[in-house]
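Right, one structure below, let's go through it.
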Number of protein chains: 2
Amino acid sequence: MRATIRDVAREAGVSIATVSRVMRESDGVRAATRERVLDAARTLEFVPSHLGRQLAERRHAANGIVFPDLSGPYYAEVVLGYESVAGELGRSVLILSTRGRDDAEAAVEAMAERCDGLVILGRTVSNRTVERLAARGANIVLVARPPVGGVDSVTARNRGSARALTEHLLDLGARRLVFVGDPSTSPDVGERLRGVREALVPRSEVVIHHVDHLDEQAGARLVGDYLTRALPDAFVCANDELALGMLRRLRAAGVDIPGRVMVTGWDDVMAAEYAGLTTVRQPMRDLGATAARLLDELISGARAHPRHEVLPTELVIRSTTLGKDTP
Amino acid sequence: MRATIRDVAREAGVSIATVSRVMRESDGVRAATRERVLDAARTLEFVPSHLGRQLAERRHAANGIVFPDLSGPYYAEVVLGYESVAGELGRSVLILSTRGRDDAEAAVEAMAERCDGLVILGRTVSNRTVERLAARGANIVLVARPPVGGVDSVTARNRGSARALTEHLLDLGARRLVFVGDPSTSPDVGERLRGVREALVPRSEVVIHHVDHLDEQAGARLVGDYLTRALPDAFVCANDELALGMLRRLRAAGVDIPGRVMVTGWDDVMAAEYAGLTTVRQPMRDLGATAARLLDELISGARAHPRHEVLPTELVIRSTTLGKDTP
DNA sequence: CCGGTTCGTGTAACCGGTTACACGAACCGG
DNA sequence: CCGGTTCGTGTAACCGGTTACACGAACCGG
């Protein structure tokens, strides 16, 4: 059995209050007493129980982060950025992936009971759940998700970079664009589409090709639809994975890229560089780090009004739009 | 202030024991009483505190996972596999990344105090720390790390696939091989090198090119050393990232791959496919899932003797060794 | 009808810490 | 030397649950 604060108190011949004071490094303990307690703690290999401490202090010293998935590099990087700042702030990090869970909402609510605060990424739980949690007093920061009521949020600039990306395509002569991705699957995607539209008006129109999953399979699959009929001037994909899937099929079919069709992605994942994919780089790690800081402000009560941070993104031009492609 | 079990007891006109019984769904409570309690709980929006419950039950219902990083796809996938099984088993998941921490050992020890068990990946903490934790009674499963004393472990088959990979190169006529990576940085890498050597004997020898970091930058950097002198027949890289970094530089320099030099990686990350990289696929998600199951057995005390699982890996042959490269 | 069993619930101790308040001893200034 | 302050420590309540044990009521078989 592990030693408790009472064992140490007995061993050192003091009260538990004094042991607690020494372990918490609060002052007002005589040096000689402190030494006796520390000796006793060492002898008994005493390590204060987090549970006991947390219950007494009524805090968890832990934050949670909820994400749809970790397979793509996007969320992994956000989580990393988050973890590293949370670690600096002395907080443990609980994770919860909603992929393949049918009880996601319940799992998030359960998690909220174990944390001082929660970061929620993308489309994981409904706004209703977010609002209920917030109403119950939970500290919440949303990432890559539009603001809800008085809840903090961190997003990356979507519209502006989508506009820049589209203007880049227009400058290269593209007129008929196909936007690949469903704006309803993610608010980020919706914003990107809006940016595309803003740049096009009044020069052209964009066609939307809806896909349910933004992954490579979906990208590869939809190429078939275009090989039999006319290709557009450019495919503007909602993320890199879609674009990479399309690229693979297009190249396999011998389509000249960017000569016959240009392709763009979003995120700048590692594979994008090898595929020569023009894309928009997101400050993924920064999103996580910023969320961790906002959450800490909320928990420590340092701030009253909600904040909505928007981080910059960067257009990365590669061979799928400019110059000769290397298929 | 949130309602506690005592508030509900008062509201329902019963004792806290009865409330506890109803909330824990243990039987032996009359239906009418149960209803009264549930009504009261609903009225007061009572949610039992995890802390109180955990303290009383002396368990955390949470497991930790310690990894060096989450940037590459390798660890992210392992963590995902782990999280999904842990979730099914009703356990929360705490994460800890040791990258860029100078207090990694202390952080892991602190984490052990907050969990019922710990999964430790790769080179994160020393064997001494693992042994100390194990001696203190912590439940531990090691992943991608050689077994320590009586501690459980899960690894992927390294040696056999390294042998198969090397034989593939030999069959293609390669004789002078350079192994890129430091076998001392990771036990997995050491095993891979051993597999390579087994296949070579007595046909040839391998030269080891030591690198400190197994990332793209390191790969790209070391190519310079070879462009001025003779290239070997094949670079056998300790992981995909190294190989991808080398590939990029080699292709930029106009080196014919695989004609003049073959390149292989390890892991089969997403970018490997786009780069046409021959590599070895690891069952990353399975590593995590298996670790979660072993850990659960340990925690529930279902097993006495340590287990050491070895999961299969698969040689994936692409254009950097076979056929015409598409640079 | 009566004594033993079963059922349903309450009492109180416990998990392992923190901390407000009390209190005696030492100290201090006039 | 004496009364007020400061210092160091202890007592006991508290955080919010679980559960062993006790106990009265209902039930049951002979």
Side-chain angles (χ1 to χ4, degrees), chain A residues 1-41 44-62 90 92 110 112-116 136-137, chain B residues 1-41 44-62 90 92 110 112-116 136-137:
Chain A
M1 219 49 189
R2 281 182 32 176
T4 74
I5 197 170
R6 282 160 237 267
D7 299 325
V8 177
R10 197 178 318 117
E11 173 84 12
V14 298
S15 75
I16 57 168
T18 300
V19 177
S20 177
R21 288 185 191 108
V22 172
M23 298 316 288
R24 296 174 45 73
E25 302 184 0
S26 59
D27 43 340
V29 178
R30 201 153 37 131
T33 313
R34 174 187 309 278
E35 281 312 310
R36 275 221 313 289
V37 170
L38 288 177
D39 278 352
L44 300 175
E45 293 184 329
F46 172 63
V47 183
S49 150
H50 273 98
L51 284 180
R53 182 172 283 185
Q54 285 159 24
L55 183 58
E57 291 180 346
R58 297 151 101 183
R59 58 182 224 121
H60 299 266
S92 298
E113 297 299 316
R114 312 191 53 150
C115 301
D116 300 317
R136 206 190 283 165
Chain B
M1 218 49 190
R2 281 181 31 175
T4 72
I5 197 171
R6 282 160 236 267
D7 299 326
V8 177
R10 197 178 318 115
E11 173 85 11
V14 298
S15 75
I16 57 168
T18 299
V19 177
S20 177
R21 288 185 193 108
V22 171
M23 298 315 289
R24 295 174 47 71
E25 302 184 359
S26 58
D27 42 339
V29 178
R30 203 152 36 131
T33 313
R34 175 187 309 279
E35 281 314 310
R36 275 222 313 289
V37 171
L38 289 176
D39 277 352
L44 299 174
E45 293 185 331
F46 172 62
V47 182
S49 149
H50 273 98
L51 284 179
R53 182 172 282 185
Q54 286 158 24
L55 184 57
E57 293 181 344
R58 294 151 104 184
R59 57 181 226 122
H60 298 266
S92 298
E113 298 299 318
R114 310 191 55 151
C115 302
D116 300 317
R136 205 190 284 164

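Predicted model only: the values in this text are computed from it and were never measured. Sequence lines set the chain letters: A, B, ... in the order given, protein chains first and strands last, and positions in each chain run from 1. Hydrogens, waters and symmetry mates play no part in the numbers below; they use all other heavy atoms, side chains included.
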For this session: Measure from the side-chain N and O atoms of A:Arg21 to the backbone N and O of A:Gly28, and report whether any donor-acceptor pair falls under 3.5 Å.
Result: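 Not confirmed, A:Arg21 side chain does not pair with A:Gly28 backbone.
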
Exercise. Is there a donor-acceptor pair under 3.5 Å between the side chain of B:His60 and the backbone N or O of B:Arg114?
Worked result: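 Such a contact is found between B:His60 side chain and B:Arg114 backbone.
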
Integer-rounded Å distance: [N] [atom2] and [X] [atom1]:
X        : N      : atom1 : atom2 : value
A:His60  : D:dG16 : NE2   : P     : 11 Å
A:Glu57  : C:dA20 : CD    : P     : 12 Å
A:Leu55  : C:dG16 : CG    : P     : 12 Å
B:Ile5   : C:dA13 : CD1   : C1'   : 15 Å
B:Arg59  : D:dT19 : CZ    : P     : 10 Å
A:Gln54  : D:dG17 : CD    : P     : 15 Å
A:Arg53  : C:dT19 : CZ    : P     : 9 Å
B:Arg114 : C:dG16 : CZ    : C1'   : 15 Å

Problem set entry | Short side-chain N/O contact to D:dC15 OP1/OP2 from A:Arg58, under 4.0 Å | no

Problem set entry | D:dT19 OP1/OP2 closer than 4.0 Å to side-chain N/O of B:Arg24 | yes

For this session: Quick one: closest heavy-atom pair of B:Val19 and B:Val37, and the distance?
Result: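 Of all heavy-atom pairs spanning B:Val19 and B:Val37, the closest is CA-CG1, 4.0 Å.
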
For this session: Work out which heavy atom in A:Asp116 is nearest to a heavy atom in A:Ala61; give both atom names and the distance.
Result: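 Here A:Asp116 and A:Ala61 meet closest at OD2-N, 2.7 Å.
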
Please list, by residue number, the residues of [range] whose heavy atoms come closer than 4.0 Å to an atom of DNA chain D; answer none if no residue qualifies.
range                     : value
residues 6-13 of chain A  : A:Gly13
residues 25-39 of chain A : A:Gly28, A:Val29, A:Arg30, A:Thr33
residues 14-23 of chain B : B:Ile16, B:Ala17, B:Ser20, B:Arg21

Let me confirm one number: the [atom1]-[atom2] distance from [X] to [Y], rounded to the nearest 0.5 Å.
X       : Y       : atom1 : atom2 : value
B:Ile5  : B:Leu44 : CD1   : CG    : 12.0 Å
A:Ser15 : A:Arg10 : OG    : CZ    : 13.0 Å
B:Met23 : B:Ile16 : CE    : CD1   : 13.5 Å
A:Arg53 : A:Leu51 : CZ    : CG    : 11.5 Å

Seminar exercise, completed: Hits for side-chain hydrogen bond (donor to acceptor under 3.5 Å, both in side chains) against A:Arg36, two or more places apart or cross-chain, chain-then-number order -> none

For this session: Take B:Arg136 and B:Glu113 through the side-chain contact (heavy atoms from CB on, under 4.5 Å) test and state the conclusion after the steps.
Result: CA-CA 11 Å; B:Arg136 205 190 284 164; B:Glu113 298 299 318; 3.2 Å; yes

Exercise. Which residues satisfy the salt bridge (charged side-chain N to carboxylate O under 4.0 Å, His left out) test with B:Glu57, sequence neighbours excluded?
Worked result: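 With sequence neighbours excluded, B:Glu57 shows a salt bridge (charged side-chain N to carboxylate O under 4.0 Å, His left out) to B:Arg24, B:Arg59, given in chain and number order.
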
Exercise. Name the stems that DNA chain C belongs to, where each is three or more consecutive Watson-Crick or G-U pairs with both distances under 3.5 Å?
Worked result: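 Stem list for DNA chain C: C:1-30 with D:1-30.
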
Problem set entry | B:Asp7 side chain near B:Thr4 side chain, heavy-atom distance below 4.5 Å | yes

Exercise. Do A:Glu11 and A:Phe46 touch side chain to side chain, with heavy atoms closer than 4.5 Å?
Worked result: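 They are not in contact (no side-chain heavy atoms under 4.5 Å apart), so the answer is no.
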
